[in-house]
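Below is one structure, written out as structure tokens; comments come after it.
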Amino acid sequence: MKIFIDTANLEEINLAHSLGVLDGVTTNPTLLSKEKKEPLKQLKDICAIVKGPVSAEVISKDFPGMVKEAEELAKIAENIAIKVPITEEGLKATKILSAKKIKTNLTLCFSPTQALLVAKAGASFVSAFVGRLDDISTEGMQLVSDIKIIYSNYNIKTEIIVASIRHPLHVLEAARMGADIATIPFKVISQLLKHPLTDIGIKRFEDDWQKLNDALGKK
Ligand code: E4P
């Protein structure tokens, strides 16, 4: 499973990149607004760090506006993927962008039928928002499982991004289900790595090594 980071923060992106685990980045208007920087410049800086897909979202609601914005965003770097909301206008824009070989990430997916339609329109990625479904007492990961079945039934190439991840169990389930990508907030990436027994183990090895050195009279 590929790992994307769900942030527009350069420090977090640099750190995750330095760990050697990063395959891409997803941003959205909310994440970019948190950074309080000129968004196009911020996206360019992100693309300079990460070679994999970097998602940038259009704001327009009508398809000609979406396509125009997408073409501008696509000029930032080769690895930009255009996030398009799942609406009628979004599908029309996706069809056009896909014909122009511009990568698209169809966002705010909350149902398997939405996922089926975006694939038919030529989406490169579909983002299933599992956490926001959990928030309204609907099992978010069931959506991923349903999309996975539908896409394998028809050998659909659109890649499934598990998005709106809140905790490590979402990532574990995503990997068990064979999702293509999980886009994960920095805090959850850190939680994936941490284990108290690893820390205890390191401390014990360190102490025992010191004891040996003390016994041998070494500093
Ligand atoms: C995905 O691409 C979105 O940016 C993100 O996962 C949304 O997550 P949220 O529900 O925590 O805002």
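Basis for what follows: all heavy atoms, side chains included, without hydrogens, waters or symmetry-related copies. Indexing begins at 1, ligand by ligand and atom by atom, following the structure's order.
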Chi angles and distances behind the salt bridge (Lys or Arg N to Asp or Glu O under 4.0 Å) call for Lys194, Asp199: CA-CA 8 Å; Lys194 274 274 167 203; Asp199 297 339; 3.5 Å; yes
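For the side chain to side chain donor-acceptor pair (under 3.5 Å) test with Gln210, the passing option among Asp207, Asp214, Asp208, Asn213 is Asp214; the others fail.
Of the protein's non-hydrogen atoms, Phe129 CE2, 3.5 Å is the one closest to atom 7 (C) of ligand 1. Taking atom 11 (O) of ligand 1 as the reference point, the nearest protein heavy-atom neighbour is Arg166 NH1, 2.8 Å. At the shortest separation from atom 12 (O) of ligand 1 among protein heavy atoms lies Arg132 NH2, 2.8 Å. Regarding atom 8 (O) of ligand 1, its nearest protein heavy-atom neighbour is Ser164 CA, 3.4 Å. In this structure, the protein non-hydrogen atom closest to atom 5 (C) of ligand 1 is Asp6 OD2, 2.9 Å. Counting protein heavy atoms only, atom 2 (O) of ligand 1 is closest to Lys83 NZ, 2.5 Å.
A continuous path of hydrophobic side-chain contacts links Val50 to Ile76 [ILVMFWY only; heavy atoms under 4.5 Å].
Interatomic distance, CG of Asp62 versus CD of Glu89, reported as 6.0 Å (0.5 Å rounding).
Between Thr183 and Thr26, the side chains place a donor N or O and an acceptor N or O closer than 3.5 Å (distance only, hydrogens not considered).
Using a 4.0 Å cut-off to heavy atoms of Ala163, the atoms of ligand 1 that qualify are 1 (C), 6 (O). Residue Thr26 has at least one heavy-atom neighbour below 4.0 Å for each of these atoms of ligand 1: 2 (O).
The neighbour count for Glu139 CD, taken as heavy atoms of other residues, nucleotides or ligands under 6.0 Å away, does not exceed 12.
Polar contact with ligand 1: absent for Thr27 (N/O pair, distance under 3.5 Å).
Taking 4.5 Å as the limit, every side-chain heavy atom of Lys120 sits out of range of all side-chain heavy atoms of Ile156.
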